[in-house]
Amino acid sequence: MRIRVAQPDDAAGVVALRAIVYPYQVRSVESTRKMIAEPVPGQDWVAFVAEVDAQVVGWVTAQRNASTSTADFGDISLLHVHPEHRRHGIGTALLTTATGHLAPLGVRRLRAFAQPEGLPFARRHGYEPSRELRFSALELNPEPALPEPPPGARLRQIADLDPHRLYAADVAAALDEPGDVPVDSISYESWQYDVWDNLGLDKESSTAVEVDGEVAAFSLVKRDGDRMWSDFTGTLPAYRGRGLARLAKTAALHRAAANGVRVAYTSNDEANGPMLAINTRLGYRPVAAEWSCLADLT
């Protein structure tokens, strides 16, 4: 077993491994390759892989969380090991390596995510479950009908928007998103990297709702072939309660299905009742759960 820094040529193996452990996650080989080759700026992001017989059997990423005002907070994300290679110390080695990357950066509070069967591993390493996430799927056959916007509202593909306008709406909508820490400090450069310039972003399917010329709601689609991920659906606080998030998401699903997407995935904090209700009405069904887990780095 060998732990090393991930390289762009690992992308295909990483995606194949992820499909086994997290079949509800959507990220293409091309997008993964770019993420490894050109990591997000200003967050000290790094990825590590575990190799056995020259095959990628484990993966983890670590970064400072620069999207929150919470001081000294870091994320260890998507720690996973191929089922046939578990209980041989690979997960612990990946976690130790990721933690060792963050410790010199001044990170003092860590968040990781675990599937329910991974919670005993998390607890053994000092992580306590915090919040439950629900992952859901929707078969897009038949495709949802394109909804008619209410008077004064207009549906727009985000391809037709100035990205700065979408960034401002994204920031405003995310301020009260349920989570372990507030998402209140994301820079335009980080957002541009993670959202606008992401190779998986489908700018023709992703949809915004304009009201009186302002972006009032939106639903973002990231795609890999005939699978898609609803990256974020949000409404600005002043426009909530009008059904605009459901309008935007339904339109995005319709457009994605018309362009060949057959299954849509999404995730929500279990405390996000309004979005869970929208997804239920759209026909999403739960397919998996994960827990955010928190630990102090001392």
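Computed from heavy atoms alone, side chains included, the values below leave out hydrogens, waters and symmetry copies.
Note that K203 lies outside the cation-pi zone of F218, set by a 6.0 Å cut-off to the ring centre and a 45° limit from the axis.
Ring-centre distance between W229 and Y265: not below the 6.0 Å cut-off.
Under the ring-ring contact (aromatic ring centres under 6.0 Å, His included) criterion, H254 pairs with no residue at all, not counting sequence neighbours. With sequence neighbours left out, R33 forms a salt bridge (charged side-chain N to carboxylate O under 4.0 Å, His left out) with D9.
Heavy-atom minimum distance, Q63 versus Q43: NE2-OE1, 3.0 Å. Counting all heavy atoms, side chain and backbone alike, M35 lies closest to W45 at O-CZ3, 3.5 Å.
No side-chain donor from either of S136 and R285 sits under 3.5 Å from a side-chain acceptor of the other. Between S31 and R27, the side chains place a donor N or O and an acceptor N or O closer than 3.5 Å (distance only, hydrogens not considered). E214 and Y239 share a side-chain donor-acceptor pair at under 3.5 Å.
Classification of R4 and E51 as a salt-bridged pair holds, one side-chain N sitting under 4.0 Å from a carboxylate O. Of the charged side-chain nitrogens involved, at least one lies within less than 4.0 Å of a carboxylate oxygen, so that R240 and D176 count as a salt-bridged pair. A salt bridge does not link D72 to R109: none of the charged side-chain nitrogens sits closer than 4.0 Å to a carboxylate oxygen.
For the atom pair N198 CG and R223 CZ, the distance stands at 14.0 Å (nearest 0.5 Å).
Between the side chain of H88 and the backbone N or O of I90 there is no donor-acceptor pair closer than 3.5 Å.
Cluster annotation: V287 is not connected to L138 through the hydrophobic network of ILVMFWY side chains, with a link wherever side-chain heavy atoms come within less than 4.5 Å. By the criterion of side-chain heavy atoms lying less than 4.5 angstrom apart, applied directly or through intervening Ile, Leu, Val, Met, Phe, Trp or Tyr residues, Y22 is not grouped with L79; the two fall into different hydrophobic clusters.
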